[in-house]
Undergrad: 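Here you go, one structure.
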Amino acid sequence: MVAPQHEQNARNRILGAARNLFAANGFHQTAMAELAAAAQVSVGQIYRLFKGKEDIIEAIVQADAQERERTIQHLQDRLDAGDISVEQTFELLMLDVMDNPHEALSFDILAEGFRNGRVADMIADMCNGLRKSLSDFACLANPGLSGEALKSAEEMILACLFGLGHRSLSRPSINDERTARCAAFMIVAALRAMK
């Protein structure tokens with residue numbers, strides 16, 4: 001029991017250090033020795049737990065996807081219980097994506113997806129997982145959505161999530177809360193106007 005826990009702790013330290021180093025220096029510019037030092041493990045231990053950087057990126061993407069799924073499920077539960085409206089659901093979802101301390105890492109992972117088919121597939125899988133929930137939320141705003149209109153709504157919302165999750169470089173002039181509130185209002189208004 002101690003060995004699996006020790007391995008999980010090392011794995012978590014590696015992933016945490018990788019997030020910080022990849023965000024600060026880039027995926028390709030981070031040496032494994034540098035990662036090992038930051039995670040307080042040996043290079044050998046990194047290679048025992050991961051085949052290479054690509055596996056580390058995959059673990060980060062999977063962890064982020066799982067976290068996003070938990071967030072969406074929590075929002076769905078609150079929506080189903082009547083604690084929040086569909087507008088508030090979108091607002092909270094937008095706020096969640098804007099709260100990204102590793103925004104630079106997200107850009108690096110997206111860029112790697114254009115060079116590396118395996119990373120591209122991981123990103124696509126994560127997005128496909130999101131589409132079902134986004135579709136459900138869209139249909140709550142407009143129960144008449146179906147077919148191509150619903151697929152278009154999913155893409156619009158997904159694009160908003162990507163854009164708002166990477167807005168810091170644009171030096172926004174309004175705060176996250178106001179942005180999320182306005183974006184949610186506009187998304188719901190657009191969904192309700194669709195036929």
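This is a predicted model, so every value here is computed, not measured. Here, residue 1 is the first one in the sequence, and each next residue gets the next number.
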Undergrad: Donor-acceptor check, side chain of Lys53 to backbone of Thr30, threshold 3.5 angstrom: yes or no?
TA: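 Pair found, side chain donor or acceptor close to backbone of Thr30.
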Undergrad: Quick one: does any side-chain atom of Asp108 pair with a main-chain N or O of Phe27 as donor and acceptor, under 3.5 Å?
TA: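 Flag set: sc Asp108 to bb Phe27 pair under 3.5 Å.
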Undergrad: Side-chain contact test, heavy atoms from C-beta onward, threshold under 4.5 Å: evaluate it for Phe137 versus Ile157 and give yes or no.
TA: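 No, every pair of side-chain atoms sits at 4.5 Å or beyond.
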Undergrad: As an exercise, state the distance from SG of Cys127 to CD of Glu154, rounded to the nearest 0.5 Å.
TA: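 The SG atom of Cys127 sits 11.5 Å away from the CD atom of Glu154.
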Undergrad: Compare every heavy atom of Gly113 with every heavy atom of Ile123, then report the nearest pair and how far apart it is.
TA: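 Between these two residues, the closest heavy atoms are CD1-CA, 4.3 Å.
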Undergrad: Is it true that Ser133 and Arg68 share a donor-acceptor pair across their side chains at a distance under 3.5 Å?
TA: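 Their side chains do not contain a donor-acceptor pair, so the 3.5 Å distance test is not met.
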Undergrad: Under the side-chain hydrogen bond (donor to acceptor under 3.5 Å, both in side chains) definition, can you give me all pairs with a residue in residues 180-195, not counting sequence neighbours?
TA: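 The answer is Glu87-Arg192.
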Undergrad: Could you give the distance from NZ (Lys51) to CD (Glu58), rounded to the nearest 0.5 Å?
TA: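 Going from NZ on Lys51 over to CD on Glu58, the span is 9.0 Å.
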Undergrad: Does one hydrophobic cluster hold both Val43 and Val41, with members joined at side-chain heavy-atom distances below 4.5 Å?
TA: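 Looking at the clustering, Val41 is in the same group as Val43.
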Undergrad: Strictly distance-based, threshold 3.5 Å: is any side-chain N or O of Asn116 a donor or acceptor partner for the main-chain N or O of Glu112?
TA: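 Not at all, since once roles are kept as given, no pair shorter than 3.5 Å links the two residues.
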Undergrad: Answer yes or no: does atom CZ of Phe185 have more than 12 heavy-atom neighbours from other residues, nucleotides or ligands under 6.0 Å?
TA: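 For Phe185, atom CZ is not crowded (no more than 12 foreign heavy atoms under 6.0 Å).
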Undergrad: Flag the pair Glu7 / Arg11 as yes when at least one side-chain heavy-atom distance between them is below 4.5 Å, and no otherwise.
TA: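 The answer is no, as the side chains (C-beta and beyond) never meet within the 4.5 Å cut-off.
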Undergrad: Indicate yes or no: at least one non-hydrogen side-chain atom of Pro172 is less than 4.5 angstrom from one of Thr179.
TA: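 Result no, sub-4.5 Å side-chain heavy-atom pair not found.
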Undergrad: Kindly indicate, with the supporting measurements, whether the criterion salt bridge (Lys or Arg N to Asp or Glu O under 4.0 Å) is fulfilled by Arg131 and Asp136.
TA: CA-CA 9 Å; Arg131 282 186 176 92; Asp136 291 346; over 6 Å; no
Undergrad: Run the side-chain contact (heavy atoms from CB on, under 4.5 Å) check on Ile56 and Phe22 step by step: do they pass?
TA: CA-CA 10 Å; Ile56 295 170; Phe22 293 172; 3.9 Å; yes
Undergrad: Would Arg178 and Cys182 count as a side-chain contact (heavy atoms from CB on, under 4.5 Å) if you check the C-alpha gap in whole Å, the side-chain angles of each, and the deciding distance to 0.1 Å?
TA: CA-CA 6 Å; Arg178 181 71 177 142; Cys182 290; 3.5 Å; yes
Undergrad: Looking at every heavy atom in both Met194 and Ser152, which two are closest together, and how far apart are they?
TA: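 Distance-wise, the nearest heavy atoms are CE-CB, 4.4 Å.
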Undergrad: Grouping I, L, V, M, F, W and Y whenever their side-chain heavy atoms are under 4.5 Å apart, do Phe107 and Leu164 come out in a common cluster?
TA: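 Shared cluster, no.
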Undergrad: What closest approach, in Å, do Ala104 and Ala23 show between heavy atoms, and which atom pair accounts for it?
TA: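 In this case the closest contact between Ala104 and Ala23 is CB-O, 3.4 Å.
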Undergrad: Please report the shortest heavy-atom distance between Phe90 and Ala138, naming the atom on each side.
TA: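 So the minimum-distance heavy-atom pair works out to CZ-N, 4.1 Å.
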Undergrad: Judged by atom type as modelled, is there a donor-acceptor pair below 3.5 Å linking the side chain of Gln88 to the main-chain atoms of Ser85?
TA: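 Such a contact is found between Gln88 side chain and Ser85 backbone.
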Undergrad: Would a 4.5 Å heavy-atom cut-off, applied to side chains only, mark Leu191 and Leu140 as touching?
TA: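 Side chain of Leu191 against side chain of Leu140, heavy atoms only: no contact under 4.5 Å found.
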Undergrad: Is a donor from one side chain sitting under 3.5 angstrom from an acceptor on the other, for His166 and Asn100?
TA: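 Note: His166 and Asn100 side chains miss the donor-acceptor criterion.
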Undergrad: Testing the basics here: between Leu21 and Leu35, what is the closest heavy-atom pair and its distance to 0.1 Å?
TA: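 Where Leu21 meets Leu35 most closely, the heavy atoms are CD1-CA, 3.6 Å.
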Undergrad: Enter the distance from Ile72:CD1 to Leu79:CG here, rounded to the nearest 0.5 Å.
TA: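 The CG atom of Leu79 is 12.0 Å from CD1 of Ile72, to the nearest 0.5 Å.
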Undergrad: Got a second to check how far Ser135's OG is from Lys151's NZ, nearest 0.5 Å?
TA: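 Those atoms lie 6.5 Å apart.
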Undergrad: Enter the distance from Ile60:CD1 to Met122:CE here, rounded to the nearest 0.5 Å.
TA: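 The CE atom of Met122 is 9.5 Å from CD1 of Ile60, to the nearest 0.5 Å.
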Undergrad: Nearest 0.5 Å, please: how far is CG in Leu93 from CG in Leu161?
TA: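 The CG atom of Leu93 is 5.0 Å from CG of Leu161, to the nearest 0.5 Å.
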Undergrad: Please evaluate residues Asp96 and Arg70 with respect to the criterion salt bridge (Lys or Arg N to Asp or Glu O under 4.0 Å), reporting the C-alpha separation (whole Å), side-chain torsions for both, the decisive distance (0.1 Å), and the verdict.
TA: CA-CA 12 Å; Asp96 184 66; Arg70 283 189 293 275; over 6 Å; no
Undergrad: Is the shortest heavy-atom distance from the side chain of His74 to the side chain of Thr71 under 4.5 Å?
TA: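 Not touching, per the 4.5 Å side-chain cut-off.
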Undergrad: Could you tell me whether Glu177 atom CD has more than 12 heavy atoms of other residues or ligands within 6.0 Å of it?
TA: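 More than 12 within 6.0 Å, yes.
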Undergrad: Counting only N and O atoms by type, is there a donor-acceptor contact under 3.5 Å from the side chain of Asp99 to the main-chain atoms of Leu95?
TA: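 The answer is no, because no donor-acceptor pair under 3.5 Å joins these two groups.
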Undergrad: With sequence neighbours left out, write down each residue that passes side chain to side chain contact (heavy atoms under 4.5 Å, CB included) with Asn12, or none if nothing qualifies.
TA: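 Applying side chain to side chain contact (heavy atoms under 4.5 Å, CB included) to Asn12 gives Gln8.
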Undergrad: In this structure, would Met186 and Val188 fall into the same cluster of hydrophobic residues linked by side-chain contacts under 4.5 Å?
TA: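 Different clusters: Met186 never reaches Val188 through Ile, Leu, Val, Met, Phe, Trp or Tyr contacts under 4.5 Å.
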Undergrad: At their closest point, which heavy atom of Arg118 faces which heavy atom of Glu54, and how far apart are they?
TA: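 In this case the closest contact between Arg118 and Glu54 is NH1-OE1, 2.8 Å.
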